[in-house]
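Report on the structure given below.
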Amino acid sequence: MRDSSLPDLGVGLIGTGFMGRAHAMAFHNARSTFELPVNLRLAALADADAARAEQCARAWGFDRSHAHWQQLINDPSVDLVAITTPNHLHFPMAMAALEAGKAVYCEKPLAVSLDQARQMQSAAKAAGVVTRVGYNYQHNPIIGLARQMIANGELGQIVSFQGEFSEDFMANAQSPWSWRCEPAHAGGALADLGSHLLAMARYLLGDVEAVCADSQTVHRQRPATQGGQEQRQIAIDDQTYALLRFANGARGTFASSWLKHGYKNHLSFEISGTKGTLAFDQERLNELQLYRAGAPGRDGFQRILAGPSQPGYAAFCPAPGHQLGYNELKTLEVHALIQALCGQGNEGPDFAEAMHIERLAAAIRIAAREMRWVTVSDI
Ligand code: NAD
């Protein structure tokens, strides 16, 4: 029921695929999980497939659907534009929304090039509106704890970061072409998966100063369609590896692959300092492994389970160890966005931070192509 003492916030969602559904769920869940400082209205839904937009709008509780995304952006009932389309559409959609003075919640990666990302950042700054980018994994309450432990010095001085984001959804050479295979659509393992890992590395340890890297396309052609005979040439990276030199002096490794059999959502890191080590794997997203140095004979990794003492968790469940899931992270992301829109917080990566992530990814691409170390501030 609408609370007349609160302002309205109309959400316009573009896209009804994997992320479109996740965003729709997150907006619904945010309403039922948190006491929001706004009346969150699901105002409009758009998709290139107009019939699907209409059907999903009905099923997901949106007031109306639009056949064209430009209509959604011009819809006066839309205050916030959520973009969940393939990567090459983020730029035109976000720029149009910013031009219209609307807040933007865009899926990752921000753009298909560093140049686009820079333009988006400038436009967001000029528009003076709230922007957020879907690096949802850092909204995990237990990642918040990891960040706090690192910042508090509980691991001592950080010396190393060993990060990996691997999945296996493209491991089979017969997995067909999709927009994720197009360089012009920011395809490839680095943009698709690695961008999440770069976001996480920056969130936990700050700036990366320099990188060297190697990339490889393993499957140089794939069927144009599932089970079809026609083949398409593929030129994006199936796997990318890098060495990272952090501004805080730590050294690190980066790995992203969508070919690694057995891994479904292996966004993982081991961070070591002079006093201990923290390890995390998104496939077990409610757990941190902590090792503290200095207990000879009785030492070993300690398992820390997610629980209500970590900010965000208690909104879903009062008891520790009962486990959050992917969609709860998305709900926390939406909650942080709404708080930012209401001037009640500043959590979550905006277009400026996402541009830094794009710059780091661009440095890794240059380093791999030119087989050399690249200083990130040089590009
Ligand atoms: P998808 O292919 O499942 O969905 C894309 C949607 O965009 C479809 O509904 C399609 O009809 C719609 N679309 C395409 N062109 C359009 C247009 N011109 N106008 C309106 N709608 C259009 O893709 P996805 O897996 O949902 O990925 C979408 C975005 O989300 C990508 O940027 C991807 O990188 C990102 N993503 C993020 C995460 C995450 O964990 N944050 C996970 C998966 C995907």
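Ligands are counted one by one from 1 in listed order, and the atoms in each one are counted from 1 as well.
For atom 28 (C) of ligand 1, the closest heavy atom belonging to the protein is Thr84 O, 3.2 Å. Nearest non-hydrogen protein atom to atom 20 (C) of ligand 1 is Ala48 N, 3.1 Å. Considering only non-hydrogen protein atoms, atom 40 (O) of ligand 1 sits nearest to Tyr326 OH, 2.7 Å. In terms of protein heavy atoms, atom 26 (O) of ligand 1 is closest to Met19 N, 2.8 Å. The shortest contact between atom 33 (C) of ligand 1 and any protein heavy atom is with Lys108 O, 3.5 Å. Nearest protein neighbour of atom 2 (O) of ligand 1, counting heavy atoms only, is Trp179 NE1, 3.4 Å. Nearest non-hydrogen protein atom to atom 41 (N) of ligand 1 is Asn136 OD1, 2.7 Å.
Ligand 1 has no nitrogen or oxygen under 3.5 angstrom from a nitrogen or oxygen of Gly15. For ligand 1, the polar-atom distance check finds an N/O of Phe18 within less than 3.5 Å of one of the ligand's N/O atoms. Residue contacts with ligand 1: Trp69 is placed with no nitrogen or oxygen under 3.5 Å of a nitrogen or oxygen of the ligand (distance criterion only).
Asn136 places no side-chain N or O within 3.5 Å of a backbone atom of Lys330 that could act as its donor or acceptor partner.
Counting the atoms of ligand 1 from 1 in the order shown, those under 4.0 Å from a heavy atom of Pro86 are 5 (C), 7 (O), 14 (C). Taking every non-hydrogen atom of Thr16 and a distance limit under 4.0 Å, the qualifying atoms of ligand 1 come out as 9 (O). Contact atoms of ligand 1 toward Ile14: 20 (C) (distance under 4.0 Å to a heavy atom of the residue). Close approach of ligand 1 to Lys330 is summarised as follows: ligand atoms under 4.0 Å from at least one heavy atom of the residue are 41 (N). Near Asn87, the atoms of ligand 1 lying under 4.0 angstrom from a non-hydrogen atom of the residue are 31 (C), 32 (O), 33 (C), 34 (O). Close contacts of ligand 1 with His90, meaning ligand atoms under 4.0 Å from a residue heavy atom, involve 32 (O). Near Leu89, meaning under 4.0 Å from any of its heavy atoms, are these atoms of ligand 1: 15 (N), 16 (C), 17 (C), 18 (N). Of all the atoms in ligand 1, the ones that sit under 4.0 Å from a non-hydrogen atom of His196 are 39 (C), 40 (O), 41 (N).
When Leu193, Thr85, Asp192 are ranked by how near their heavy atoms come to atom 29 (C) of ligand 1, first place goes to Thr85. Between the choices Glu107, Gln70, Arg180, the shortest heavy-atom distance to atom 44 (C) of ligand 1 belongs to Arg180. Heavy-atom proximity to atom 4 (O) of ligand 1, evaluated over Gly17, Ser195, Gly134, Cys106, is greatest for Gly17. In the candidate list Ile83, Asp47, Leu45, Asp47 is nearest to atom 8 (C) of ligand 1, counting heavy atoms.
Side-chain contact of Gln71 with Asp75: a donor-acceptor pair under 3.5 Å is absent, judged by distance alone. No side-chain donor from either of Asn265 and Glu283 sits under 3.5 Å from a side-chain acceptor of the other. Between Asp8 and Asn39, the side chains place a donor N or O and an acceptor N or O closer than 3.5 Å (distance only, hydrogens not considered). With no hydrogens or angles considered, no side-chain donor-acceptor pair links Tyr241 and Gln216 at under 3.5 Å.
Contact record, Met120 with Ala94: CE-CB, 3.7 Å, taken as the closest heavy-atom pair.
At a threshold of 4.5 Å between side-chain heavy atoms, the hydrophobic network of Ile, Leu, Val, Met, Phe, Trp and Tyr places Phe169 and Ile234 in one connected group.
Here Arg292 pairs with nothing under the side chain to side chain donor-acceptor pair (under 3.5 Å) rule; sequence neighbours left out. Looking at residues two or more places apart in sequence or on another chain, you find a side-chain contact (heavy atoms from CB on, under 4.5 Å) between Arg58 and Glu54.
Shown here is Lys125, whose NZ atom has no more than 12 heavy atoms of other residues, nucleotides or ligands within 6.0 Å. By the 6.0 Å contact criterion, CD on Gln119 is enclosed, its count of non-hydrogen atoms from other residues, nucleotides or ligands being greater than 12.
The closest approach between any non-hydrogen atom of Tyr135 and ligand 1 is not below 4.0 Å.
When each of Tyr203, Phe269, Tyr137 is checked for a ring-ring contact (aromatic ring centres under 6.0 Å, His included) with His196, only Tyr137 meets the rule.
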